Amino acid sequence: MPPKSKVSKRKSEPETKEKTDDKKSKIEESTERISKWLFKSEPETRMEKGVDMRFSFDDLKAEKNETSHWDGVRNYSARNFMREMKVGDEGFFYHSNTKIPGIIGLVTVVREAYPDHTQFDPKDPHYDPKSDKAAPRWDMVDVKYVRKLKRYIPLSELKELHQKHKGSGGPLRNLAMFTKARLSVQPITEEEWQFILSLENETD
DNA sequence: GCCAACGTTGGC
DNA sequence: GCCAACGTTGGC
């Protein structure tokens, strides 16, 4: 069960605005709950405090039940996205920090947010000495391998489409990858999900 | 290895 | 509560 996210420890606790956000969204919009996500992970060995951060899509497949904890997330925004996830939600598995970053496959959420045990482990690179066992600060979900995409969809292609769609109002005009860069867990709208999935059938 | 973007920290 | 300094992410 290697650590997966490269998101670093963050020490403050801006957790108070969640409530107002919830209230607001209930009143303002009747938009559907986000049920599609993007999970970033590093497919190549990188040492952090003596621990290998690598966790590729194949590594996920090799886990028992092809399922793993998504531990190590230390960013409040990414954590809050995980807290929104429900069993059955789907996600893209994205390979970051590699020669050709991009989306390699699909996963599904099989367990909803629960405390990330690595925050209490002093030997873990993502240990958080300020987290209180009675009120754990960091959560994780469990995700399961679904399948590889028919072709790898590189970041460069998504970026080109994003640029194009910004002008034309196309489906990837607001893709979180480019508007909320650097979050290790990101929301994907239904429209984005369908469009990106359709790309795997293109031959080019 | 560089460095832009962005989140966090802490002095005031 | 502002914001400069600092740390991290991650593409290139």
Side-chain angles (χ1 to χ4, degrees), chain A residues 2-21 34 37-60 68-84 91-105 107 113 116 118-132 135-141 143 149 151-166 172-188 192 196 199:
Chain A
K4 281 135 228 116
S5 169
K6 324 113 256 123
V7 173
S8 65
K9 282 189 188 65
R10 297 281 150 70
K11 307 237 152 118
S12 79
E13 209 146 359
E15 299 186 80
T16 42
K17 66 172 150 125
E18 292 171 84
K19 275 172 201 158
T20 47
D21 286 352
I34 290 282
W37 309 95
L38 180 139
F39 296 88
K40 289 189 193 173
S41 194
E42 300 184 56
E44 280 162 38
T45 291
R46 184 178 62 81
M47 289 299 176
E48 188 177 322
K49 296 175 187 160
V51 180
D52 189 354
M53 292 294 111
R54 174 177 65 89
F55 193 74
S56 69
F57 197 47
D58 284 339
D59 290 331
L60 175 62
S68 177
H69 314 126
W70 207 261
D71 60 83
V73 171
R74 298 292 183 267
N75 171 285
Y76 287 103
S77 180
R79 181 205 64 183
N80 291 344
F81 286 135
M82 287 200 294
R83 287 181 174 175
E84 290 179 40
F92 290 128
F93 195 106
Y94 176 87
H95 275 172
S96 68
N97 216 359
T98 186
K99 271 128 305 202
I100 305 180
I103 296 171
I104 182 155
V107 296
D116 176 348
T118 66
Q119 70 197 298
F120 302 119
D121 178 1
K123 290 191 216 67
D124 193 278
H126 303 294
Y127 173 56
D128 184 353
K130 294 202 180 138
S131 185
D132 174 5
R137 192 179 281 191
W138 306 112
D139 282 355
M140 59 188 182
V141 295
V143 301
L149 292 186
R151 71 178 181 95
Y152 187 69
I153 300 180
L155 178 66
S156 56
E157 181 176 344
L158 294 171
K159 187 178 278 180
E160 273 177 39
L161 289 163
H162 169 66
Q163 288 301 331
K164 198 165 87 179
H165 291 184
K166 272 203 292 185
L172 301 191
R173 63 193 177 281
N174 292 323
L175 197 64
M177 299 219 60
F178 307 111
T179 60
K180 298 180 188 175
R182 288 163 212 281
L183 271 186
S184 65
V185 176
Q186 308 186 352
I188 300 279
E192 289 162 353
I196 292 170
L199 296 176

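Numbers restart at 1 for each chain; the letters A, B, ... are given by sequence-line order, proteins then strands. Computed from a predicted model, the values in this text were never measured in an experiment. Just so it is clear, the values below take in all heavy atoms, side chains as well, and ignore hydrogens, waters and symmetry mates.
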When the ring centroid of A:F93 is compared with that of A:W37, is the distance short of 6.0 Å? no

In whole Å, I'd like the distance from the CZ atom of A:F178 to the C1' atom of B:dC6. 16 Å

Touch class at under 4.0 angstrom, heavy-atom based, for A:K159 against every strand present: sugar-phosphate

What is the separation between atom NZ on A:K49 and atom P on C:dT8, rounded to the nearest whole Å? 8 Å

Closest approach of A:W138 and A:R79, non-hydrogen atoms and distance? CE3-CD, 4.0 Å

Whole angstrom is fine here: how far is it from CD in A:E160 over to C1' in C:dG11? 15 Å

Between atom CD in A:Q186 and atom C1' in B:dA5, what is the gap in whole Å? 14 Å

Compute whether any side-chain donor of one residue and acceptor of the other, for A:T45 and A:D52, lie under 3.5 angstrom apart. yes

Separation of A:K40 atom NZ from B:dC6 atom C1', in whole Å? 12 Å

Interatomic distance, A:D128 CG vs B:dT8 C1' [rounded to whole Å]: 13 Å

Calculate the interatomic distance between A:N97 atom CG and C:dT8 atom C1'; express it in whole Å. 12 Å

Assign A:Y94 to base, sugar-phosphate, or nothing according to its heavy-atom contacts below 4.0 angstrom with the strands shown. sugar-phosphate

Nearest whole angstrom, please: distance from the P of C:dG11 to the NE2 of A:H162. 15 Å

State whether A:D139 and A:R83 are salt-bridged, where the test is any N-O pair (Lys NZ or Arg NE/NH1/NH2 against Asp/Glu carboxylate O) under 4.0 Å. yes

